[in-house]
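Written out below as structure tokens is the structure these notes cover.
Below, chains carry the letters A, B, ... as their sequence lines are ordered, and counting in each starts from 1.
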Protein chains: 2
Amino acid sequence: MAATIKDVARLAGVSASSVCRALAKPEQVRPETRERVERAASDLGYYPNRAARGLITGRTANIGVVLPDLANPFFPSVVKAIQTQARRFDYAVFLSDTDEDPALEVPLIRALAKQVDGFLLCSPRAGDEELRAFAGHTPIVVLNRRVTPFPSVTADSADGMRQAIGHLHALGHRRVAYVAGPRTSWSNRDRLRGLRSATSTYDMELIEAGNVAPTVDGGAAVADLVAASPVTAVIAYNDLVALGLLNRFRAREIAVPERISVVGFDDILLAGLVTPALTTVAIAKEQIGRTGVDLFLDLLKDDEGRKPVHKRTPTQLIVRASTGPAHL
Amino acid sequence: MAATIKDVARLAGVSASSVCRALAKPEQVRPETRERVERAASDLGYYPNRAARGLITGRTANIGVVLPDLANPFFPSVVKAIQTQARRFDYAVFLSDTDEDPALEVPLIRALAKQVDGFLLCSPRAGDEELRAFAGHTPIVVLNRRVTPFPSVTADSADGMRQAIGHLHALGHRRVAYVAGPRTSWSNRDRLRGLRSATSTYDMELIEAGNVAPTVDGGAAVADLVAASPVTAVIAYNDLVALGLLNRFRAREIAVPERISVVGFDDILLAGLVTPALTTVAIAKEQIGRTGVDLFLDLLKDDEGRKPVHKRTPTQLIVRASTGPAHL
DNA sequence: TTGAAAGCGATACCAG
DNA sequence: CTGGTATCGCTTTCAA
């Protein structure tokens, strides 16, 4: 149906090779020929078939993006940044949402592998070993996680936690709970690690609450448990979980932040709009997406060599409604 | 690098054709052969190159999704539904965010056209004529808009507006404002049309406020203007705009809903979590995405013929914090 | 500067 | 039931 290179060649009265050259390397072709080809191409509305091109060049100009859940507002932000940066280099984006199912990731990557030049895996849930199986075959950059030997971009959670705990400590809090996210989430482990280090630095007591789904419902599910514990503040795995806590606390008329302070992570749009506004650790989502694409393109250039690159993006505590514990 | 059909053929000691058959139509091949091929394939980790396959079958098993802004939480919901349904039919998704730039849409569609079997255009901003240029060439299903001759899925905004206005009228409101979204948005025009009809039915006065970007900032930008008008309720183009209004009203200590009731559209996650919770017209986002994919697949089946299909999904008013005007 | 021919990976068709 | 061959749309030698 659509015009092919042959159609253009016929109309311009030249060979397919010349069309190809005229369009790709204009300087290698006589100006007159180039002009004829260009006119023919635009008359026919010719656009090269990138899939066919990829077959021979080995470069598809597509990048695969795999993420656990587009419904978590954190991811659309990252994807948007990826899109923007990818487009700048004439790359198109293949998107796959795995629905938080670790088992879906590997088959998905395999199935798409030949249609893309490689992948940006956002917060992948699969095991290290499973992912490592792709090393050497498929260019992969990992976001929000570190898996040797892939390049990666992660947020500086430890610093974020340090800021959060410093803030809570300054307000007078001494006991804090952490509501953990998915066990399969590297970010969760990273945040917990950072939190443990921070609470120990400040000599604060840390109580850990169950692993929950990284959703509003997940937060709501452990809110009562948290409320029943002797803490005056709680840090949630992410903002959605924090909002679930907030919601349930409100329903039970547990005053936030007076009775208990809630701190989230990510700084999604929602965080600033709820009442009381959520104190949260902001992550440089755009930077993560953008840097991911950059690392990816670097990776394609020098097909191998060089040791893996890890970029760490800054975090920033956004203080909104938190206060000191009521008894102060 | 990765295994091709030839590698499998060699390892299994058969021809490429047989490998192809063994994998695609197992019943046309001797069980023994099939087994050998299957083992060879799995040993080599062989996955067919879908791009190459598409070249000859004319079917890529990819679907292009184009939308104006992934940062609007409405779209990720739709995309997620599309993904889920697409995966069910073994389709992969190409995603493109145009950043609300109408000029980007057409070139984007053109560039991707050969890599996909067609497109799902979510709330496209381009002109009718520009889109129509694809008719006959590129299978297209339009979501949240109607453009002859493409099949489309739209929400029943008129009914949603009727519900919203009925509700406000019952509460005693008689003057209502509408904060309009982008001029290029068909949904905006559709909602406005439905609203006009509803207000006239109920004999209510309608005041229209500027066209704003469909974002929180857009809403905040006209909040003062709305507050200065003689209305007791305001309906926003969408929830983000409504939240912008809410935010600004709070900042100015204009009581919601006592002094002014705010109604949104879409029912994004945020709507239920803010305080006061936002009354809004829920749209069947999942259904829109799912139905879009279904129409798309139908479209591919009978390459032409049949008159265009328009599906309309129901809307449902979700009443949360609205009340009657203070003077009652 | 240009064209012919080979080939990327897979499938379809036709003999055998 | 199987193998050979042509082909999809494009790029890349290689000669001319």
Side-chain angles (χ1 to χ4, degrees), chain A residues 1-38 40-41 44-62 90 110-117 137-138, chain B residues 1-38 40-41 44-62 90 110-117 137-138:
Chain A
M1 198 89 224
T4 75
I5 199 170
K6 283 185 188 167
D7 301 321
V8 179
R10 200 174 311 127
L11 182 60
V14 299
S15 73
S17 331
S18 294
V19 174
C20 182
R21 256 172 262 143
L23 266 28
K25 317 161 189 165
E27 72 283 2
Q28 288 185 27
V29 104
R30 194 158 20 120
E32 185 195 315
T33 316
R34 177 180 359 146
E35 218 167 293
R36 284 230 309 287
V37 170
E38 277 168 356
L44 268 57
Y46 170 74
Y47 274 74
N49 182 328
R50 302 176 128 208
R53 171 189 293 167
L55 210 48
I56 184 151
T57 60
R59 196 176 152 283
T60 62
N62 291 149
D90 203 33
R110 287 236 179 77
L112 255 55
K114 303 240 175 83
Q115 292 192 84
V116 300
D117 293 342
H137 304 287
T138 312
Chain B
M1 197 91 221
T4 75
I5 199 170
K6 283 185 188 166
D7 301 323
V8 179
R10 198 174 312 127
L11 181 60
V14 297
S15 73
S17 328
S18 293
V19 174
C20 183
R21 256 168 310 202
L23 265 27
K25 317 162 187 163
E27 72 284 0
Q28 287 187 28
V29 105
R30 189 154 28 115
E32 186 196 316
T33 316
R34 170 168 18 132
E35 217 166 296
R36 282 230 309 287
V37 170
E38 276 166 356
L44 268 52
Y46 169 74
Y47 273 74
N49 182 330
R50 304 176 127 208
R53 171 189 293 166
L55 210 49
I56 184 148
T57 59
R59 196 176 152 284
T60 62
N62 292 150
D90 202 32
R110 287 236 180 77
L112 254 56
K114 303 239 175 84
Q115 292 192 82
V116 300
D117 293 341
H137 305 287
T138 312

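Annotation: side chain of A:Leu44 is not in contact with side chain of A:Arg10 (no heavy-atom distance under 4.5 Å). In this structure the side chain of A:Thr4 reaches within 4.5 angstrom of the side chain of A:Asp7, judged on heavy atoms. Using a 4.5 Å heavy-atom cutoff, the side chains of A:Arg50 and A:Asp90 are in contact. A heavy-atom distance below 4.5 Å is found between the side chains of B:Leu55 and A:Asn49.
In terms of position along DNA chain D, the nucleotide closest to B:Arg30 lies nearer the 5' end than the nucleotide closest to the other residue of the pair B:Arg30 and B:Leu55.
Paired with B:Arg59 under the rule side chain to side chain contact (heavy atoms under 4.5 Å, CB included), one option of B:Asn62, B:Thr57, B:Ile56 passes, and it is B:Thr57.
Dashed line: the shortest gap from a side-chain N or O of A:Ser18 to OP1 or OP2 of C:dG3 is under 4.0 Å.
Summarising the geometry, the separation between CD on B:Gln28 and P on C:dT11 is reported as 13 Å, rounded to the nearest angstrom. For A:Glu27 and C:dT2, the CD to P distance is 13 Å, given to the nearest whole Å. Between the C1' atom of D:dT7 and the CZ atom of B:Arg59 lies a distance of 19 Å, rounded to the nearest Å.
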Q.
Generate the contact string for nucleotides 10-16 of chain D. Rules: B means base contact, S means sugar-phosphate contact only, - means no protein heavy atom under 4.0 Å.
A. SBBB---
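B:Val19 comes within 4.0 angstrom of no nucleic acid atom, judged by non-hydrogen atoms across all strands.
Of all heavy-atom pairs between B:Ile5 and B:Tyr46, the closest is N-CE1, 3.5 Å.
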